[in-house]
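Below is one structure; the comments refer to it alone.
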Amino acid sequence: MCSAPHDPFYSSPFGPFYRRHAPYGLQPEYRVYEMNKRLQARTEDSDSLWWDAFATEFFEDDATLTLSFCLEDGPKRYTIGRTLIPRYFSTVFEGGVTDLYYILKHSKESYHNSSITVDCDQCTMVTQHGKPMFTKVCTEGRLILEFTFDDLMRIKTWHFTIRQYRELVPRSILAMHAQDPQVLEQLSKNITRMGLTNFTLNYLRLCVILEPMQELMSRHKTYSLSPRDCLKTCLFQKWQRMVAPPVEPTRQPTTKRRKRKNSTSSTSNSSAGNNANSTTSKKKTAAANLSLSSQVPELGALQSCSLNPGRDGALCHSTTVTPTGQFKEKH
């Protein structure tokens, strides 16, 4: 009896039962598989345009990439935007890496309205180094990817938390230099820090400065302004956003309609109008005679603090509301 191969992307001509398709909407890990293939297709002549096309194919326009790891001087966390992602991948190969791919094991998928999240707690970033010596580095950690739920299925957020790494040197190289203590000592030294090359680490440190300057660079590229004018414009617009009061929705004034009573004669209407006028005048007179303390009794014991020191060095003095509604200060 024929059985299907273990390759999840295998397509058999014998029927649908031996075929397993990998549409984007059902298997988001297939996009990682495609990204590995694209990275393997990189050549030495790959320039910045090639890396921009790579990032456009696999990352959204507003995508972010985050790396978290711990060095000798403490934990680090770097987040870069879409414009800096192509350069990040290129620095990996500039540090002596000849091959780069990601392995996901036992990943969990969760579907949302407009995105798909892949959470892999056993992710391995494998890099093959050709210099300064032939070494295979396996960087293990947790990778969380958020994809857009559409036909392109590009990455919105990339978060890789590095836990540990291993540098593997072939036995043949060790046997070749077994009689040379200096070479053995050189082979025993690590060529990466938490699985990342010095080129990549220096670039991530530089991104701390470059990331806030993306608005200046974009404005300079769009309007061809000088760096000083770009900075002035950005600061002025930011100041306007901070000073401008929030826009409140306009409220239409509510008009109260007076209920009209039916009258039997003009005499009753005139008498009712006179009574209403007298009642209104009485209410106004009573309101004028009321004191503030009688309306709100709590105001009689109102106290507020001040930063002016008193005679005894205290920082507070009291302010009391008099029964007539006036404020009287006590030191």
Side-chain angles (χ1 to χ4, degrees), residues 5-8 29 32-48 50-51 54 58 65-78 80 84-107 120-143 158-208:
H6 296 286
D7 187 0
E29 290 187 18
V32 181
Y33 168 77
E34 284 189 337
M35 188 177 65
N36 292 336
K37 289 183 60 178
R38 190 72 72 248
L39 291 173
Q40 292 175 3
R42 183 200 64 91
T43 61
E44 296 295 335
D45 300 332
S46 299
D47 53 1
S48 59
W50 190 92
W51 287 110
F54 165 80
F58 295 100
L65 186 146
T66 304
L67 291 176
S68 302
F69 50 89
C70 187
L71 295 180
E72 296 83 2
D73 54 347
K76 306 294 181 182
R77 180 187 176 96
Y78 297 98
I80 59 178
L84 301 178
I85 290 177
R87 181 63 179 158
Y88 161 76
F89 282 96
S90 65
T91 56
V92 176
F93 291 91
E94 291 176 2
V97 175
T98 58
D99 195 6
L100 167 65
Y101 57 93
Y102 295 86
I103 301 176
L104 305 183
K105 293 182 179 180
H106 308 292
S107 60
C120 182
D121 193 60
Q122 300 180 19
C123 175
T124 304
M125 181 183 70
V126 182
T127 54
Q128 194 73 49
H129 294 252
K131 58 181 181 179
M133 64 191 68
F134 188 82
T135 310
K136 182 178 181 180
V137 181
C138 299
T139 307
E140 302 174 356
R142 180 182 181 182
L143 179 62
W158 172 299
H159 191 179
F160 187 36
T161 304
I162 300 175
R163 288 193 297 262
Q164 61 182 356
Y165 73 105
R166 294 173 297 165
E167 297 186 0
L168 309 177
V169 180
R171 289 180 177 270
S172 58
I173 297 180
L174 296 177
M176 187 184 305
H177 303 282
Q179 305 300 327
D180 194 344
Q182 295 181 355
V183 177
L184 291 178
E185 184 181 359
Q186 186 69 22
L187 291 175
S188 63
K189 296 180 179 180
N190 294 333
I191 63 175
T192 63
R193 299 177 63 188
M194 292 303 294
L196 303 176
T197 62
N198 289 329
F199 280 83
T200 303
L201 289 175
N202 292 334
Y203 177 71
L204 292 176
R205 297 189 188 100
L206 185 62
C207 288
V208 177

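Source: prediction; values computed, not measured.
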Atom CG in N202, atom OG1 in T91: separation rounded to 0.5 Å?
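One finds 9.5 Å between CG of N202 and OG1 of T91.
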
What's the separation between atom SG in C207 and atom CG in L65, rounded to the nearest 0.5 Å?
9.5 Å

Given H159 and R77, is the side-chain contact (heavy atoms from CB on, under 4.5 Å) satisfied, shown in steps?
CA-CA 10 Å; H159 191 179; R77 180 187 176 96; 3.5 Å; yes

I'd like to check [X] versus [Y] (side-chain heavy atoms, cut-off strictly below 4.5 Å). Are they in contact?
| X | Y | result |
| --- | --- | --- |
| F69 | L201 | yes |
| I162 | E140 | no |
| C138 | L168 | yes |
| M194 | L71 | yes |
| T139 | T124 | no |
| L187 | I173 | yes |
| M35 | Y101 | no |

Using the salt bridge (charged side-chain N to carboxylate O under 4.0 Å, His left out) criterion, which residues pair with [X]? Sequence neighbours excluded.
| X | answer |
| --- | --- |
| D45 | none |
| D121 | R163 |
| R87 | E94 |

side-chain contact (heavy atoms from CB on, under 4.5 Å) between L100 and V126, intermediate numbers included
CA-CA 6 Å; L100 167 65; V126 182; over 6 Å; no

D47 side-chain N/O to W50 backbone N/O, donor-acceptor pair under 3.5 Å
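Judged by distance alone, yes, a pair lies under 3.5 Å.
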
Do you know which two heavy atoms are closest between [X] and [Y], and how far apart they sit?
| X | Y | value |
| --- | --- | --- |
| C123 | F160 | SG-CE1, 4.1 Å |
| M125 | G195 | CE-O, 4.0 Å |
| I80 | L84 | CD1-O, 3.8 Å |

Pair up each side-chain donor or acceptor in residues 129-136 with any protein partner under 3.5 Å, not counting sequence neighbours, and list the distances.
unit_1, atom_1, unit_2, atom_2, d
H129, NE2, T127, OG1, 3.2
T135, OG1, M133, O, 3.4

Does the pair W158 and Y102 meet the rule for a ring pair (Phe, Tyr, Trp, His ring centres under 6.0 Å), with working shown?
CA-CA 13 Å; W158 172 299; Y102 295 86; 5.2 Å; yes

Crowded around F199 CZ? As in, over 12 foreign heavy atoms under 6.0 Å?
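No, because the 6.0 Å sphere around CZ of F199 holds 12 heavy atoms or fewer from other groups.
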
Assess whether atom CD of Q40 is packed by more than 12 heavy atoms of other residues, nucleotides or ligands within 6.0 Å.
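Correct, the count exceeds 12.
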
Test side-chain contact (heavy atoms from CB on, under 4.5 Å) on S68 and K76; report intermediate values, then the result.
CA-CA 6 Å; S68 302; K76 306 294 181 182; over 6 Å; no

Using the test ring-ring contact (aromatic ring centres under 6.0 Å, His included), find all partners of Y203 that sit at least two apart in sequence or belong to another chain.
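Testing Y203 for ring-ring contact (aromatic ring centres under 6.0 Å, His included), a comparison that skips the adjacent residues, returns none.
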
cation_pi(R42, F93) dist<6.0 Å, angle<=45
yes

Pairs in or reaching into residues 188-197: which pass side-chain hydrogen bond (donor to acceptor under 3.5 Å, both in side chains), with residues at least two apart or in two chains?
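Counting only pairs at least two positions apart or across chains, the side-chain hydrogen bond (donor to acceptor under 3.5 Å, both in side chains) contacts touching residues 188-197 are E72-R193, Y165-N190, E167-T192, T197-T200.
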
Determine whether the aromatic ring centres of residues W51 and Y88 are separated by less than 6.0 angstrom.
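No, ring centres 6.0 Å or more apart.
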
